[in-house]
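Every number for a ligand or one of its atoms is a count from 1 in the order of the listing.
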Amino acid sequence: MSSLLDSLPGLVDFSQKSLLLSATAIAFNPTFWNIVARREYHTKFLTRTFGGNSQAACYALAITIFSLGLVRDFLYERALRHQPSHPALEGTVPTAAGYALVALGNILVISSTWQLGITGTFLGDYFGILMDSMVTGFPFNITNAPMYYGSTMSFLGTALIFGKPAGIFLTGVVLLVYLVAIQFENPFTSEIYAKRERARAKTGGKKGGKKVEGKKEL
Ligand SMILES: *[C@@H]1O[C@H](CO)[C@@H](O)[C@H](O)[C@H]1NC(C)=O
């Protein structure tokens, strides 16, 4: 382990500001959407901004999160271009593996968005837009967080396509950030749904089950 760390400075150029900027963007995004979504859940400030239309408010947040994701991806690729390549990552096999990972990652992300819809993918439950039942079909039958693992796979694949060890390092940052996000988000989401179940039980199971799409557990 210590020899691995000793060899890291040669593999990753930590003096590049673009590396720090990319890592910051990676950590910023889930932090941002969790703070905004929890504030929305407690105060409904976004829904009020949109005149009480929670769907519109959720779509606005979705567009914002999606745009932040594009900025993050741009900064990641720019950071990789400033980093040294490694011969072990430059052959046909790593490159092919990189494209396969990006393809698989995108399948997970796109199929998950397809299953959940826009509001379900982008924190709709914090806006009171709950789904009627859990989504259990693909990709949720292979992982409970296909968005996060799919995104991580795309980062790793891009690192291999570029042949840059720094990309593998940044993918580690992505995974860490998502694992923390899952720990933070899942209990909260579960509690939102548990609350609805309690409300349903109280009203005899007839009310509170608005038929709208919602997310499973991102
Ligand atoms: C998940 O669902 C898909 C599509 O229904 C199916 O093809 C696949 O075998 C399932 N995977 C597992 C692990 O159950």
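- At the shortest separation from atom 11 (N) of ligand 1 among protein heavy atoms lies N141 ND2, 3.0 Å.
- A donor-acceptor pair under 3.5 Å is absent between the side-chain atoms of Q83 and the main chain of P165, judged by distance alone.
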Residues E77, K164; criterion salt bridge (Lys or Arg N to Asp or Glu O under 4.0 Å); working and verdict:
CA-CA 10 Å; E77 295 204 4; K164 306 290 176 95; over 6 Å; no

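- A parallel orientation is assigned to the rings of Y126 and F188, their planes being inclined by less than 30° (bins at 30° and 60°).
- Under the 4.0 angstrom criterion, atom 2 (O) of ligand 1 counts as having a protein heavy-atom contact.
- Of the N and O atoms on the side chains of S151 and Y178, at least one donor lies less than 3.5 Å from an acceptor on the other residue.
- Within a 4.0 Å radius of atom 5 (O) of ligand 1, the protein contributes no heavy atom.
- Sorted by first then second residue, the ring pair (Phe, Tyr, Trp, His ring centres under 6.0 Å) pairs that include residues 50-74, not counting sequence neighbours, number zero.
- Summary of contacts: the protein heavy atom closest to atom 13 (C) of ligand 1 is I142 CG2, 3.8 Å.
- Within a 4.0 Å radius of atom 9 (O) of ligand 1, the protein contributes no non-hydrogen atoms.
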